[in-house]
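Excluded from the calculations below are hydrogen atoms, water molecules and symmetry mates; all remaining heavy atoms, backbone and side chain alike, are included. Note on naming: letters A, B, ... go to the chains in the order of the sequence lines (proteins, then strands), and numbering restarts at 1 for each one.
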Amino acid sequence: MDLREVLSRSSLEAAPRLLGCYLVRQTPHGTIKVRIVETEAYHQDDPASHSFRGITKRTAPMFQAGGRLYIYFTYGMHYAINIVTGPAGRGEGVLIRAAEPLAGVKIMQTNRGIRDINKLTNGPGKLAQALGIFDTSLSGQILNKSSILLRPGEPLKDEEIVAAPRIGITKAADRPWRFYIKDNPFVSRV
DNA sequence: CCGGTGATGCCCT
DNA sequence: GGGCATCACCGGT
């Protein structure tokens, strides 16, 4: 699977294809590696998307060409990581909702302030905290040229991917634009 | 185990 | 000023 190809597609095409891929994060304390197990697609014609109302200072990265990070702050305390997809001007992104810890577990435990492996990265806010994302300074930066790298994973079979309604939104809540790896214990909710 | 709820600050109208 | 692409804790089972 060619990641450049995936990131050039729409968020709806990219979101399921990012499952199984790896995020590698460089921190001052060492390297963290996780495997993406849950994603959600957002795009400009989607009332639930930050890009729905057009370009703003915060959402500008969503309107750039695929392959950048879009990181936002919400609920007064949480950060969330998105991977921008699609051509420039389209306002698309894939929220990384959950991942499986592979390396740098001790660093993530310190960042999260807990020990339980099963609760380290099973939610967007938890994942950002585990990876040491404590501000929005990475938003707009190009993946693989920043301290976060995206690497291809083993291809998944169609029957291993579940599509379901997205979580935590009120608008367009019926659209099945959340994707996760079936039976994976690190998915935020089943 | 589960549902309800308070925390907390930025963005955008 | 309203509303969050959330989380952890609390109380009742």
*Asks:* Test side chain to side chain donor-acceptor pair (under 3.5 Å) on A:Q44 and A:S51; report intermediate values, then the result.
*Replies:* CA-CA 5 Å; A:Q44 195 173 359; A:S51 59; over 6 Å; no

*Asks:* With a 4.0 Å cut-off, would you call A:K157 and A:E159 a salt bridge?
*Replies:*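 Salt bridge: no.
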
*Asks:* Taking the side chain as everything from C-beta on, heavy atoms only, tell me whether A:R97 gets closer than 4.5 Å to A:L127.
*Replies:*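 Result no, sub-4.5 Å side-chain heavy-atom pair not found.
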
*Asks:* Tell me, with the steps shown, if A:Q26 and A:S147 meet side chain to side chain donor-acceptor pair (under 3.5 Å).
*Replies:* CA-CA 5 Å; A:Q26 307 294 344; A:S147 55; over 6 Å; no

*Asks:* Take the protein atom OH of A:Y79 and the nucleotide atom P of B:dT8, then report the distance between them rounded to whole Å.
*Replies:*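 For the pair A:Y79 OH and B:dT8 P, the rounded distance is 14 Å.
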
*Asks:* Which residues within residues 54-70 of chain A lie with some heavy atom under 4.0 Å of an atom in DNA chain B?
*Replies:*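 DNA chain B contact set from residues 54-70 of chain A: A:T56, A:R58.
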
*Asks:* Nearest-Å distance, CZ (A:F52) to P (C:dC4)?
*Replies:*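 Rounded to the whole Å, the gap is 13 Å.
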
*Asks:* Which pairs, with at least one residue in residues 133-152 of chain A and sequence neighbours excluded, count as a salt bridge (Lys or Arg N to Asp or Glu O under 4.0 Å)?
*Replies:*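 Qualifying pairs: none.
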
*Asks:* Taking protein heavy atoms under 4.0 Å as touching, what does nucleotides 6-13 of chain C look like 5' to 3' if B marks base contact, S marks sugar-phosphate-only contact and - marks none?
*Replies:* BSS-----

*Asks:* Check the distance between B:dA7's C1' and A:F73's CZ and give it to me in whole angstrom.
*Replies:*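 Between C1' of B:dA7 and CZ of A:F73: 11 Å.
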
*Asks:* Is there side-chain contact between A:T136 and A:Y72, with at least one heavy-atom pair below 4.5 Å?
*Replies:*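 A side-chain contact is absent here, since even the closest heavy-atom pair is not under 4.5 Å.
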
*Asks:* What does the 5'-to-3' dot-bracket notation of DNA chain C look like when only Watson-Crick and G-U wobble pairs under 3.5 Å count, and pairs to other strands show as |?
*Replies:* ||||.|||||||.

*Asks:* Check whether NZ of the Lys or CZ of the Arg A:R166 lies under 6.0 Å from the centre of the six-membered ring of A:Y42 and within 45 degrees of that ring's axis.
*Replies:*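 The answer is yes; both the distance and angle limits are met.
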
*Asks:* My understanding is that only residues two or more places apart in sequence, or in another chain, count here; which of them pass side-chain hydrogen bond (donor to acceptor under 3.5 Å, both in side chains) with A:H50?
*Replies:*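 Partners of A:H50 under the side-chain hydrogen bond (donor to acceptor under 3.5 Å, both in side chains) test: A:Y70.
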
*Asks:* Go through the structure and list residues passing side chain to side chain contact (heavy atoms under 4.5 Å, CB included) with A:N184, not counting sequence neighbours.
*Replies:*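 Checked A:N184 against side chain to side chain contact (heavy atoms under 4.5 Å, CB included); matches are A:R35, A:V37, A:E100, A:I181, A:F186, A:V187.
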
*Asks:* How many Å lie between NZ on A:K171 and C1' on B:dC12, as a whole number?
*Replies:*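 Those two atoms, NZ and C1', are 11 Å apart.
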
*Asks:* Using distance alone, with no hydrogens and no angle criterion, decide if A:S11 and A:E92 have a side-chain donor and acceptor under 3.5 Å apart.
*Replies:*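 A:S11 vs A:E92: donor-acceptor pair found between side chains.
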
